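Residue numbers begin at 1 in each chain, while the letters A, B, ... track the order of the sequences. Predicted model, so just to flag it, every value in this text is computed and none were measured.
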Protein chains: 2
Amino acid sequence: MDSFHEKDAKVFKALCDPRRLAILERLRSGERCACVLQEEVDIGQSGLSYHMKILCESGIVESRQEGKWTHYRLSDVGCESAIMLLRRLTTPDAQQKCDCCK
Amino acid sequence: MDSFHEKDAKVFKALCDPRRLAILERLRSGERCACVLQEEVDIGQSGLSYHMKILCESGIVESRQEGKWTHYRLSDVGCESAIMLLRRLTTPDAQQKCDCCK
DNA sequence: GCAAAACATCAATTATTCTTGATTTGACGT
DNA sequence: ACGTCAAATCAAGAATAATTGATGTTTTGC
């Protein structure tokens, strides 16, 4: 299919899993390291890592390495561009009717 | 899992498929009946019906019956509330740090 | 009432995503 | 260099979602 729709879909794929939404909700109150997130959302280590990768690749979350810890936080830029994308996708264009709608 | 996250995820599930994004894009330029959409996005009849159901159930699209035709259009209310949901999910809260972030 | 058109639904297959435990990698302290 | 801890990656299975063709439903025209 169209590659730009694939790319847009990726952002929403990051948002369409309840566990990832639970993670996002935790990050709203500030940066967190993986080990803390893991407890807060009650998930296994490899499971958290899997979901964090998806969130980071979508651009909504960014990570910061500090020694052996990884800290995650919401990305201002990523979040804002996700909102703008959604707005763009749902904003009406020029008003044209198809044939069968007169 | 938390049922409210399940419910929120549903909106984004509607948006995370490239074919559905292609459909949305078509609807931006105005209402369309299923038969026209089907041609425009090059999909089979039952496939379109499947995707339209998901879009309608998310609230982003609404449908209107006219005889044997079904017309679909973007829902102002649904689109706006999807944007507000995304904004809410990505807006930082009170700034608290977890223990290991000092 | 019958046939056809426009969709919706169903059922079977395929594809994708999620989960889980095991292994690997990289950083740190000793 | 070795052991340990934090995460990432891998691999196998389970769960979900998408595709496709067949069947069902409703409306319209005859």
Side-chain angles (χ1 to χ4, degrees), chain A residues 1-3 5-7 9-24 27 31-58 61-73 98-102, chain B residues 1-3 5-24 26-27 31-58 61-73 98-102:
Chain A
M1 270 269 122
D2 309 318
S3 61
H5 286 138
E6 297 275 9
K7 191 162 169 291
K10 200 167 188 179
V11 177
F12 300 112
K13 270 186 184 152
L15 294 164
C16 76
D17 181 275
R19 308 197 86 150
R20 289 195 287 271
L21 293 187
I23 292 167
L24 274 192
L27 293 180
E31 190 179 67
R32 272 177 178 54
C33 67
C35 55
V36 171
L37 268 179
Q38 201 183 320
E39 281 191 359
E40 289 185 338
V41 303
D42 189 35
I43 192 178
Q45 186 268 317
S46 70
L48 181 77
S49 189
Y50 168 76
H51 288 297
M52 294 320 291
K53 186 176 187 182
I54 291 172
L55 284 168
C56 287
E57 285 180 348
S58 79
V61 169
E62 52 195 11
S63 68
R64 178 175 66 87
Q65 218 56 36
E66 194 178 307
K68 50 187 174 177
W69 287 278
T70 308
H71 299 254
Y72 296 100
R73 61 174 181 273
C98 67
D99 294 347
C100 82
C101 300
K102 283 195 291 2
Chain B
M1 269 269 123
D2 309 317
S3 61
H5 286 139
E6 297 273 7
K7 190 162 167 292
D8 289 349
K10 200 168 188 180
V11 177
F12 300 113
K13 269 185 186 153
L15 294 164
C16 78
D17 181 275
R19 309 198 84 149
R20 290 195 285 273
L21 293 187
I23 292 167
L24 273 192
R26 304 272 81 226
L27 293 180
E31 190 179 67
R32 272 178 177 55
C33 67
C35 55
V36 170
L37 269 178
Q38 201 182 321
E39 282 191 358
E40 290 185 339
V41 303
D42 189 35
I43 193 179
Q45 185 269 316
S46 69
L48 182 77
S49 189
Y50 169 75
H51 288 297
M52 295 319 292
K53 186 175 185 182
I54 291 172
L55 284 168
C56 287
E57 284 179 349
S58 78
V61 169
E62 53 195 10
S63 68
R64 176 174 67 86
Q65 221 53 39
E66 193 178 307
K68 52 185 173 179
W69 287 278
T70 308
H71 299 254
Y72 296 100
R73 61 173 181 274
C98 67
D99 293 349
C100 81
C101 300
K102 282 195 289 13

Nucleotide nearest [X] (side chain, heavy atoms from C-beta), chosen from [options]:
{"X": "B:Y50", "options": "D:dA22, C:dG26, D:dA18", "value": "D:dA18"}
{"X": "A:H51", "options": "D:dA7, C:dC7, C:dT19", "value": "C:dT19"}
{"X": "A:K68", "options": "C:dA22, C:dG26, D:dA7", "value": "C:dG26"}
{"X": "A:W69", "options": "C:dT9, D:dA6, C:dC7", "value": "D:dA6"}
{"X": "A:Y72", "options": "D:dA18, C:dC7, D:dA7", "value": "D:dA7"}
{"X": "B:S46", "options": "C:dT9, D:dT19, D:dT9", "value": "C:dT9"}

Taking atom CD of A:E39 as the centre, report whether more than 12 heavy atoms of other residues, nucleotides or ligands fall under 6.0 Å from it. no
Base of D:dA8, side chain of A:Q45 - is there a donor-acceptor contact under 3.5 Å? yes
For B:R20 and B:K13, indicate whether the former's side chain and the latter's backbone hold a donor-acceptor pair under 3.5 Å. yes
Classify the nucleic acid contact of [X] as base, sugar-phosphate or nothing, counting any heavy atom under 4.0 Å across all strands shown.
{"X": "B:G47", "value": "base"}
{"X": "B:S49", "value": "base"}
{"X": "A:I54", "value": "sugar-phosphate"}

Which residue is it: B:R64, B:E62, B:R32? I am looking for the one with a side chain to side chain contact (heavy atoms under 4.5 Å, CB included) to B:H71. B:R64
To the nearest 0.5 Å, how far apart are CE in B:M52 and CD in B:Q38? 11.5 Å
